[in-house]
Structures are given as C-alpha cells and as structure tokens.
Peer 1: 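Below are the structure tokens for one structure; questions will follow.
Counting starts at 1 for both ligands and their atoms, following the listed order.
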Amino acid sequence: MRPYIAEPEFDVVIVGSGIAGALVAHRLAMAKKKVLILEAGGVAPESLDRLTMAHNFFTSPSKSPDSPFCGEDILPVDPKFDPNARPPKYRFVQPDPVANGENYYFYDDSDPTKKSDRFKSFYERLVGGSTWHWQGIYIRMLPSDFKMKTHFQFGSDWQVVDWPISYDDIEPWYVKAEYEMGVAGSDHENEHYYKRLFHAYRSKRYPMPALVPSYLDKQVAAAIDGEALKDFPLHPLKVNTVPHAINSQNYDGRPPCDGHTSCVPLCPTKARYEAIVHIEKAIQAGAVLRSQSVVTQLELDDEKKHVKRVKYRHWNGEEDWTSGRIVVLAANGIENPRILLYSAAANSSDAVGRYLMDHPIKQSYALARKPLFPFRGPQTTSDIAAFRDGSFRKHFAGFKTSIKNDGWSSVSAKITAPRGASIPAPVPGNPNANGTLLDFVENRGLFGTNLRKTLHDHATCQITLNSACEQLPWPDNRVTLAKNNPDAFGIPRPQINYKVYDEKNYVTKCFEVIVALHGLVFDRLGIPKEDQFLQKEPNFYGGSGHIMGTTVMGNDPKKSVVNKDCQAHDHPNLFILGSSVFPTSSTANPTSTIAALALRAAETINRKLRA
Ligand SMILES: Cc1cc2nc3c(=O)[nH]c(=O)nc-3n(C[C@H](O)[C@H](O)[C@H](O)COP(=O)(O)OP(=O)(O)OC[C@H]3O[C@@H](n4cnc5c(N)ncnc54)[C@H](O)[C@@H]3O)c2cc1C
C-alpha cells in the first residue's frame, strides 16, 4: 500500500454506486467538486448490449429476482467506465455470489433457543447497485410515518421513535428527486385519496402521468372498491394506481414502458430508472469511478474524530487507499454497518447494526374462473393502500397490497408458474408443482394442442396478491461481524440476528388481517375456496429487498448514528446514506426517501465544502 499523505486526494469519496451514491456523486460533480466513487461490484456491460442481457435472462432456467442476466462474459474493469474497454479475462458473475444472502449472511444457530429467523432481503453488488433489479415502485412515506411515537403513543418498551425530520421538511426533496429520476403518478389520486386520507400533499405535479392500470387491476377494482373487511369499516378498500420511477412517456432520453412484466430482475428497454443513469451523468461531469474496489475500512485520525483514509481492496487482491475531505458511506443497510463495525467508527451510541428492518411480505395466490389476463405491464400497476395508516397501527403493522401482473411467477422461488423454477420436474402431488409447464407435461402427460390450451387457460387466470407490512425497530434485530467467517477479501461476513415476529405480535396480527383481506378479494372475484391459496402458515413470509435501520438517524447522539442531515454524530466529515438511516420503516418502498435524503445531503455537503 502507498504511504499516507496528509492532503486529501478528493473533495468527496463515495462508497457505493447505488442510487444513494449515484445521486450525490452527480450533484457534487456538477458543482465542480472532485468526486471519487468506490464500488465493490463490476460494471454490467449494459451500454454494450441490453438486449443480450434480456436474452440471457429469458433463456436462463433461473427465474428469481437475482437471476443472472449478464452472462459469463467479461467486464470492463476500466476505472473511467469506458464501455469499449473489454479486458479479456475478467469473468463476470452477476450477481456476485458473495452478495447473495443465502450463502453470504451468517447466522449463529448453535443455540436452537436463540435461532434467528432468515433475513430474506439481499442487494446487488454491481455498479448501479440494487436498482438493477428493483421494481421501480416509487411511493412516498406518509406524514404520520415520520412521527410514529407522537401519533400512536407507543410506550417506552416499544423502542419506537419519531424521525428528526418531518414530511414538510422532506417534501421539496421528494419533488426534486422525482424530477431527477422521472416518476409517473396520478395527481388526481394523490389529491383525492392520499391527501384527503393521509394528509400526504404534493407541492408539484408528477413529472409524468401514471402508468396505465392493467385489465386485471380493473377487474379487482370493480370487485372490491367500496368494500371493507368485517372489523374495519373505517378502512374502505380502493384500488389506486402505483407511482413508479418507470417512464409512461419519453423522459430524459429513455423510452416509455411497453409492458414486459420483467422489471425484476431486468427492464429490457431502460424505461425503468436505474442508478446507472446518474453514474453515467456523474462521470460525464468529471467524477471518477473505481469499480471492483471493495472498501474494507475507514481509518480514523489519532483523535478518532475524522475519517482520514478509506482503505479498499481490488478484485485482483491488491490493497490501496484514498482520502477525501468528506467521505460518504452509501453501501446499503448491510454493508454500511459492516464497514463501520470493522472500522470501529461512528459507534459511540452502540446503535450501529441495530434496528434492522424489512417489509415482511405475505403472498396469496388464486386461480380465477374467468381470464384476468396477467403478464402485461410492469409487475404491479395498482395497489390497495387502505391499511397504510390508521389508529390500528398502535396495535399492529400498517401494510399495503400490490396486485401483481405477473401471474404466479413470483409466488415463491419454488413455484414461479407457469415457467417453473425447478429442473427436474416437480414431484406429482406437490403443491409446488401447481400450474407449471413441467407439471402439465411431466405429471399430467399433456402435449400438443391439449398442452397449449391447458397452459393458456391456466396462465390467463392466475392472480397473486402481495402485501408488505411495516416492521418496528427492535435493537436485537441487528447486523454484527461474523468474526470467524471472513468473505473472499478477508473481512468478516455480516452476522444477522433477526426476528420477523416480535414479542408484541405487531407483525403477526398484521399478517392475520392481510390473509383476511386476500381472502375477501378472491371471494369478491368469485374464486371458489379450493382455488384460493392463502398463505396462513406463520413460517411463510418473504423479504421485500428493503434493508432498513442499522445506522439510524436521530437528534440524540447517545441513541442514533447520524443527525438529521445524515452526518455521523461522531465524525463531522462522514455522511451515511441509504435506508440504513431510517429510524422506522413505514409502509412505503424505501427508494423515494433514500433519493430525497441523498439530494438533501448533497446540498449540505456542498455547503460544507464551500465553507
Ligand atoms: C427485488 C427487489 C425489488 C425492489 N423493488 C423496489 C421498488 O419497487 N421500490 C423501492 O423503493 N425499492 C425497491 N427495492 C429496494 C431498492 O432496490 C433499494 O432500496 C435501493 O436500490 C437501495 O439503494 P442504495 O443505493 O441505498 O443501496 P444499493 O443499491 O445496495 O447500493 C449500494 C452499493 O454499494 C456497494 N457496496 C457494498 N459494499 C461495498 C464496499 N465494501 N465497498 C464498495 N462498495 C460497496 C454495493 O455493491 C452496491 O452497489 C427492491 C429491492 C429488491 C431486491
């Protein structure tokens, strides 16, 4: 490694090139600051040929959110992100198996009484981060989400806090982010539903009109609008369109969505916003990108006050370091705490790694009696938001319900009907075989016209409801270091301790209401009980890919890691971005709030650098 030099090499060193890092890099590079982005993953050959990537995914037997789509081709390692630079021998694996939670997160199961639940949300280790495989749903938090303690008067044993900022504080930044990325949404619905029910006003119109609801959405709306669950007459059901960071018309040089229902893991046309958009713009404005550079440690000065150097290791094993007047950690809710814990930094509160949250999911699926024609549009175009807020949140979690346009293909990694996920064919009689092509061929012996007709009749009637609920911040749900289990770079893997069902049954009770709601929707669609698959078993929960908590924001340095500007309480030249700063999770998908906070932090950083 090079010897230390005192003068910082960059104005700002940003760790992580997901949306949080990309937006800050772009803003500061545009302000003529000297910006370096260090990214652990490689550069997807996106600008080389997106259709090849789509082809790789469509022809791969693996059809999960983490399915590979870059093939086994190589990757440019060129730090300047020259798309024509194709050094021959870098085998590119996407996603990097290192970042696949199944074999990456470590759980200490040695004491069966303390066994952790599995944390089912992962991230993408790539330039551009997890927006490579996000759905693009772009929903703001509600005003009450920022003031959970005040609104719902949780006692001190609940660990629930207010955010140090309010909806009013963040609203202008929501707007800026929406225009930066391109968001399609309905102003009418916002005015007549979200503002009226939840006080979620907008100070500016959406940049684009909402994506068109699918035929399936309209059938569900006709069946349930105005209905209510038996014990919840104050929460009438209503189907609304979902705002998306997906173009509904040409925007920022990208085309409108033409409805492939394959947003996860890959938008074949780039209609969906991806952070790579702002990485490319940042580089054009002068930022430097070093990909395949895994940050291992933030080295503090002797007083433990400032971050002096950022150490990283290249995929080829070489170690190096760099330095910046400001360091921005934007490596997500798993890696932000891991880097901080390994560096013994920013943790005078002992809060680093704690309050890990997700939006646990309950899915139910059914086979309608008449075709609903799924498999058109983005994966979700409408949802039911009646349970996002209300006094019930004192007792059980708020949730929202997505109406899925992708049939049963995302029901569980085992089903993924009609394509099927498993080879060889599913075992006859096993419900996981249900509705898959392999089931029809192997188990039912169908072929030719019969097979085509059965497949068509089945696939056009598939419907899935996907409800994701908020989770409260519990200190024992946490990321620590698996000291005896290093990754390929010699750094301890993240050890996860996580319970989806807390002692207060906040999620458990919510799941009961969700299952009742799913049943009601299926009933109103006239689907007989035997064709409704309600996932009642408590073990059946999914992850949303929303990794929140772990470096939470607050006014009190004894209880939180960053202040309301995302600046570390302990180190004035360290900013931490991403959903790791969320003190509570709300029911909103996190990326709109990540983006708003990132733009807000960029302005603070710029001000500090100027001063
Ligand atoms: C399947 C799926 C669907 C989703 N759909 C939605 C949705 O519809 N709406 C929504 O709001 N959210 C959605 N999300 C969540 C969304 O993708 C994330 O909230 C968002 O992308 C996080 O952005 P980020 O920049 O904070 O982190 P990331 O995108 O994770 O970026 C962090 C970057 O840091 C890099 N990094 C990590 N460690 C290091 C290190 N040591 N050194 C250098 N670099 C490092 C990583 O490789 C990564 O590129 C979804 C997630 C998944 C998994």
Peer 1: At their closest point, which heavy atom of G578 faces which heavy atom of A20, and how far apart are they?
Peer 2: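 Shortest heavy-atom contact: N-CB, 4.2 Å.
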Peer 1: For ligand 1, which atoms sit closer than 4.0 Å to a heavy atom of Q135?
Peer 2: 3 (C), 4 (C), 5 (N), 6 (C), 7 (C), 8 (O)
Peer 1: If you measure only the distance, is there a donor-acceptor pair under 3.5 Å linking the side chains of H571 and N573?
Peer 2: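 Not at all, the side chains of H571 and N573 share no donor-acceptor pair under 3.5 Å.
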Peer 1: For residues R290 and Y312, is any side-chain donor paired with an opposing acceptor at under 3.5 Å?
Peer 2: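 Distance-only check passes for R290 and Y312.
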Peer 1: Tell me if the aromatic rings of F122 and Y105 count as close, with their centers under 6.0 Å from one another.
Peer 2: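 So the answer is yes for these two rings.
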Peer 1: What part of A330 sits under 4.0 Å from ligand 1 if we count only heavy atoms: the side chain, the backbone, both or neither?
Peer 2: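 Backbone only.
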Peer 1: For S293, take its heavy atoms, then give the atoms of ligand 1 lying under 4.0 Å from any of them.
Peer 2: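 Those qualifying, in numeric order: 42 (N), 43 (C).
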Peer 1: List ligand 1 atoms under 4.0 Å from G545, heavy atoms only on the residue side.
Peer 2: 15 (C), 51 (C), 52 (C), 53 (C)
Peer 1: Show the atoms of ligand 1 that are less than 4.0 angstrom away from any heavy atom in T131.
Peer 2: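 With T131 as reference, the close atoms of ligand 1 come out as 21 (O).
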Peer 1: Does a donor on one side chain and an acceptor on the other come within less than 3.5 Å for E9 and T322?
Peer 2: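 E9 vs T322: donor-acceptor pair found between side chains.
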Peer 1: Side chains of S17 and E39: any donor to acceptor distance under 3.5 Å?
Peer 2: yes
Peer 1: Cation-pi check, K400 to F387: give yes when NZ or CZ is under 6.0 Å from the six-membered ring centre and within 45° of the ring axis, no otherwise.
Peer 2: no
Peer 1: When only distance counts, is G136 in polar contact with ligand 1, meaning an N/O pair under 3.5 Å?
Peer 2: yes
Peer 1: Would you tell me whether E180 and H278 have side-chain atoms, one donor and one acceptor, within less than 3.5 Å of each other?
Peer 2: yes
Peer 1: Taking only non-hydrogen atoms of E124, do any sit less than 4.0 angstrom from ligand 1?
Peer 2: yes
Peer 1: What about S130: any of its N or O atoms under 3.5 Å from an N or O on ligand 1?
Peer 2: yes
Peer 1: How does L577 reach ligand 1, by side chain, by backbone, by both or by neither, if only non-hydrogen atoms under 4.0 Å count?
Peer 2: neither
Peer 1: For the residue pair Q135 and T380, confirm or rule out a side-chain donor-acceptor distance under 3.5 Å.
Peer 2: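 A donor-acceptor contact under 3.5 Å links the two side chains.
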Peer 1: Taking heavy atoms and a distance under 4.0 Å, where does S121 meet ligand 1: side chain, backbone, both or neither?
Peer 2: neither
Peer 1: Show me which atoms of ligand 1 lie under 4.0 Å from any heavy atom of L126.
Peer 2: 47 (O), 49 (O)
Peer 1: Would you mind listing which atoms of ligand 1 come within a distance below 4.0 Å of any non-hydrogen atom of R125?
Peer 2: 47 (O)
Peer 1: Please could you name the atoms of ligand 1 that N332 approaches to less than 4.0 Å, counting only its heavy atoms?
Peer 2: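 Listed by number with element: 27 (O), 30 (O), 32 (C).
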Peer 1: Using heavy atoms and a threshold below 4.0 Å, how should the contact between I594 and ligand 1 be classified: side chain, backbone, both, or neither?
Peer 2: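 Side chain only.
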Peer 1: For M357 and F582, work out which heavy atoms get closest and say how close.
Peer 2: CE-O, 3.4 Å
Peer 1: Short list, please: which atoms of ligand 1 are under 4.0 Å from a heavy atom of G18?
Peer 2: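 Every atom of ligand 1 under 4.0 Å from some heavy atom of G18: 25 (O), 29 (O), 31 (O), 33 (C).
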Peer 1: How does E335 reach ligand 1, if at all, at less than 4.0 Å between non-hydrogen atoms: by side chain, backbone, both, or neither?
Peer 2: side chain
